[in-house]
Amino acid sequence: MKAENEQRTGLLYGFGAYGMWGLVPLFWPLLKPSEAVEILAHRMVWSLAVVGLALLALRRWGWIRELLRQPRKLGLTALAATVITVNWGLYIWAVNNGHVVEASLGYFINPLVSIAIGVLVLGERLRRAQWVAVGLSFAAVLVLAIGYGRPPWISLVLAFSFATYGLIKKKLNMGGLESLAAETAVLFLPALGYVLWLGAQGQSTFASHGFAHSALLAATGLVTAIPLVFFGMAAIRVPLSTLGLLQYMAPVFQFGLGVLYFHEAMPPERWAGFSLVWAALALLTWDALRTARRSRIRLEAAPAVVAAPAREPA
């Protein structure tokens with residue numbers, strides 16, 4: 001009963017995390033007339049403030065000493081910070097410049113890019129269904145390139161940057177709050193320096209557009225940290241396969257907002273490209289569920305196989 005309640009709680013946290021990530025395109029336009037780079041700088045500064053307060057409340061500081069003693073880990077943290085800066089900055093720019101649908105495509109194809117990185121970087125071997133899914137995604141990119149009249153570069157940069165970030169995070173093996181604190185600490189001084197420079201040049205919107213605008217810029221720290229905390233709460237309570245399915249909530253919401261709320265154009269060739277991506281993801285999900293089921297059956301059968309000789313007469 002307790003395990004069931006824990007899983008239910010984990011699902012609620014998962015829905016909360018991916019739901020917030022899915023609805024975040026509604027937030028960034030509220031920060032206009034701030035430009036994407038200014039918003040990004042404030043996001044870095046205020047994220048560190050929020051995460052720092054959370055770590056202070058939880059008294060989780062021991063990891064800092066350990067991190068400082070490991071140059072390789074520090075280097076990976078700096079690399080992760082750089083990659084996520086590209087991802088965050090481009091996403092904010094895309095939403096505030098009418099590319100919500102194309103940005104959502106980046107997170108739809110992210111699992112497929114992660115698979116490709118697994119093959120190219122980690123030497124992983126793919127099952128037949130995974131190869132078909134990768135082929136479908138490649139065809140989708142070609143169709144969308146024809147439709148847009150250019151490669152869907154926003155989607156590709158978002159997908160590759162986030163997949164690379166995931167690979168680095170896997171190697172770092174740090175908790176969500178701790179890793180976000182370390183990454184934003186790396187970015188804090190350049191971000192704060194940029195914010196102060198804008199103020200000195202008279203170009204900052206932080207203090208020149210009223211208290212409400214300043215509060216919204218400061219809220220970027222909460223918008224960054226709260227979904228991450230919810231995700232961390234979900235990750236320890238529900239199976240990874242369930243989280244893998246929940247991750248599609250965010251781009252589905254973003255796509256819906258792009259089409260229905262922001263009224264972005266969806267000509268037939270874009271529908272065709274997105275349909276190919278969705279088909280690839282459906283195939284990938286089916287293959288993952290089938291593989292997980294087979295593994296579970298094998299694990300359940302293993303004790304019976306081991307115990308069988310013990311029941312035989314001597």
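Taking 4.5 Å as the limit, every side-chain heavy atom of Ser161 sits out of range of all side-chain heavy atoms of Leu90. Using a 4.5 Å cut-off on side-chain heavy atoms (C-beta onward), Ser34 and Phe206 make no contact. In this structure, the side chains of Thr184 and Val45 stay at 4.5 Å or more apart for every pair of heavy atoms. Within the 4.5 Å cutoff, the side chain of Leu26 has heavy atoms near those of the Tyr261 side chain. Side-chain contact between Phe188 and Met44 is absent, with no heavy-atom pair separated by less than 4.5 Å.
Surrounding CZ of Phe160 are at most 12 heavy atoms belonging to other residues, nucleotides or ligands under 6.0 Å away. When the shell of 6.0 Å around CH2 of Trp46 is examined, it contains 12 or fewer heavy atoms from other residues, nucleotides or ligands.
To the nearest 0.5 Å, atom CD of residue Glu178 and atom CD of residue Glu183 are 11.5 Å apart. For the atom pair Thr77 OG1 and Leu68 CG, the distance stands at 9.5 Å (nearest 0.5 Å). Between the CH2 atom of Trp63 and the OG atom of Ser179 there is a distance of 8.5 Å, given to the nearest 0.5 Å. Here the straight-line distance linking atom CG of Leu105 with atom CG of Leu156 works out to 7.5 Å at 0.5 Å rounding. Atoms CG and OG, on Leu136 and Ser275 in that order, are 11.5 Å from each other to the nearest 0.5 Å. Here His213 contributes atom NE2 and Lys32 contributes atom NZ; the two are 12.0 Å apart, rounded to the nearest 0.5 Å.
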- Query: Can Phe27 and Leu216 be said to form a side-chain contact (heavy atoms from CB on, under 4.5 Å), step by step?
  - Reply: CA-CA 9 Å; Phe27 178 72; Leu216 283 171; 3.9 Å; yes
- Task: Please test Phe274 against Phe108 for side-chain contact (heavy atoms from CB on, under 4.5 Å), starting from the C-alpha separation and ending with a verdict.
- Result: CA-CA 9 Å; Phe274 269 85; Phe108 275 124; 4.1 Å; yes
- Task: Determine, step by step, whether Trp28 and Tyr91 satisfy the side-chain contact (heavy atoms from CB on, under 4.5 Å) criterion, reporting the C-alpha distance in whole Å, the side-chain angles of both residues, the deciding distance to 0.1 Å, and the verdict.
- Result: CA-CA 10 Å; Trp28 303 123; Tyr91 185 79; 3.7 Å; yes
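In this structure, Asn87 contributes its side chain and Leu158 its backbone to a donor-acceptor pair below 3.5 Å. Ser208 contributes a side-chain N or O that, together with a main-chain N or O of Ser204, makes up a donor-acceptor pair within less than 3.5 Å. A donor-acceptor distance shorter than 3.5 angstrom exists from the side chain of Gln70 to the backbone of Glu66, with no hydrogens or angles considered. Although no hydrogens or angles enter the test, the distance criterion places a donor-acceptor pair under 3.5 Å between the side chain of Ser214 and the main chain of Gly210. The closest donor-acceptor contact from the side chain of Glu264 to the backbone of Val101 lies under 3.5 Å. No side-chain donor-acceptor contact under 3.5 Å links Arg43 to the backbone of Thr224.
Under the 4.5 Å side-chain heavy-atom criterion for ILVMFWY residues, no single connected hydrophobic cluster contains both Leu48 and Leu56. Both Phe262 and Phe253 are assigned to one and the same hydrophobic cluster, defined by single-linkage of ILVMFWY side chains at heavy-atom distances under 4.5 Å. Under the 4.5 Å side-chain heavy-atom criterion for ILVMFWY residues, a single connected hydrophobic cluster contains both Val95 and Trp153. Leu112 and Val143 end up in different hydrophobic clusters when Ile, Leu, Val, Met, Phe, Trp and Tyr side chains are linked at under 4.5 Å. A continuous path of hydrophobic side-chain contacts links Leu40 to Leu30 [ILVMFWY only; heavy atoms under 4.5 Å].
Residues that satisfy the side-chain contact (heavy atoms from CB on, under 4.5 Å) test with Asn110, not counting sequence neighbours, are Ser114, Phe162, Ala163. Remark: Phe138 pairs with no residue by the ring pair (Phe, Tyr, Trp, His ring centres under 6.0 Å) rule, at least two apart or across chains. Trp271 meets the ring pair (Phe, Tyr, Trp, His ring centres under 6.0 Å) test with Phe255; sequence neighbours excluded. When the side-chain contact (heavy atoms from CB on, under 4.5 Å) test is applied to Glu102, the partners found at least two apart in sequence or on another chain are His99, Tyr148, Arg150, Pro152, Ile154, Ser155.
The two residues Ser137 and Ala280 make their nearest non-hydrogen contact at N-CB, 4.3 Å. Shown here for Ala159 and Gly106, the closest heavy-atom pair between the two residues is CB-O, 3.2 Å. Closest non-hydrogen pair, Asn97 versus Trp93, comes out as ND2-O, 2.7 Å.
Listed by chain and number, the hydrophobic cluster partners of Tyr194 are Val37, Trp197, Leu198, where partners are ILVMFWY side chains within reach of under 4.5 Å, directly or through others. Counting side-chain heavy-atom gaps under 4.5 Å among Ile, Leu, Val, Met, Phe, Trp and Tyr, Phe211 is found in no cluster with other residues.
For an aromatic pair to be called close, the ring centres must be under 6.0 Å apart, and Tyr18 with Trp21 satisfies this.
For the side-chain contact (heavy atoms from CB on, under 4.5 Å) with Pro25, the qualifying choice from Ile92, Leu257, Asn96 is Leu257, the only one to do so. When Glu38, His42, Glu35 are each tested for a side chain to side chain donor-acceptor pair (under 3.5 Å) with Thr205, only one passes: Glu38.
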